[in-house]
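Notes for the one structure printed next.
Reminder, nothing fancy here: chain letters follow the sequence lines and each chain counts from 1. Everything numeric here is computed off the predicted structure, so don't read it as measured data.
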Amino acid sequence: MTESTNTGALPPFAESVLDLTERIPAGRVMTYGDVAEYLGQGGPRQVGRVMALYGGAVPWWRVIRADGRPLPGHEHRALGHYREEGTPLRSVGDEPRVDLRRARWDGQ
DNA sequence: ATAATGACGTCGG
DNA sequence: TCCGACGCCATTA
């Protein structure tokens, strides 16, 4: 059989990424690089790929870039969650960004 | 097999 | 702080 038939079965890596994302506590975030490093496999881009494909089923706003900037186009959506969860924000000019120094979660 | 792409990261200017 | 260039790694053309 081909990979077109294996519906419902996600790659181990994708499953790990999604599982870890769901484990991130409210008010905390992890960067793509941190997720890859924590899992010990793949890389930031591979984590990004997984989130792009299956991120809709998990709290995707808790996984952000290393510069603390949420997804372009989804900023408003993400900010709403941050405000609701009390995620440490840092106002840079007119655009609020996540304060990674305080919000970064190391898996504790 | 080579080139281009992407929800990225780090460094230098 | 902002911008560009290079590196990384799997997928796609």
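- Environment of CD in Glu37(A): sparse, with no more than 12 heavy atoms of neighbouring residues, nucleotides or ligands closer than 6.0 Å.
- For the pair Asp67(A) CG and dA7(B) P, the interatomic distance rounds to 15 Å; values are reported in whole Å.
- Going from atom OH of Tyr82(A) over to atom CZ of Arg77(A) covers 12.5 Å, rounded to the nearest 0.5 Å.
- Salt bridge Arg62(A)/Glu85(A): present, at least one basic N to carboxylate O contact under 4.0 Å.
- Nucleotides dA4(B) and dA5(C) are separated by 16 Å at their P atoms, to the nearest Å.
- For the side-chain contact (heavy atoms from CB on, under 4.5 Å) with Val98(A), the qualifying choice from Thr31(A), Asp67(A), Val29(A) is Val29(A), the only one to do so.
- First and last contacts of DNA chain C with chain A, using any nucleotide atom under 4.0 Å from a protein heavy atom and ordered 5' to 3', fall at dT1(C) to dT11(C).
- Rounded to whole angstrom, the span from the CG atom of Leu18(A) across to the P atom of dA7(B) amounts to 16 Å.
- The distance from atom CZ of Arg77(A) to atom C1' of dA7(B) is 14 Å, rounded to the nearest whole Å.
- Against DNA chain C, the stretch residues 41-58 of chain A makes heavy-atom approaches under 4.0 Å through Arg45(A), Gln46(A), Arg49(A).
- Residues from residues 85-101 of chain A with heavy atoms under 4.0 angstrom of DNA chain B: there are none.
- Annotation: side chain of Asp19(A) is in contact with side chain of Arg23(A) (closest heavy-atom distance under 4.5 Å).
- Between Arg97(A) and Leu89(A), the closest side-chain pair of non-hydrogen atoms is not below 4.5 Å.
- Contact between Met30(A) and Tyr38(A) at its shortest, heavy atoms only, is CE-CB, 4.2 Å.
- A 4.5 Å side-chain heavy-atom check between Met51(A) and Val58(A) finds at least one atom pair inside the cut-off.
- Regarding Glu75(A), its CD atom lies at a distance of 13 Å from the C1' atom of dA7(B), rounded to whole Å.
- Note: Trp60(A) and His74(A) have perpendicular aromatic rings, judged against thresholds of 30 and 60 degrees for the angle between ring planes.
- In this structure, Pro11(A) and Tyr54(A) approach most closely via the heavy-atom pair CD-OH, 4.3 Å.
- Val92(A) and Leu79(A) sit in two unconnected hydrophobic clusters of ILVMFWY residues. Membership requires side-chain heavy atoms under 4.5 Å apart, directly or through other members.
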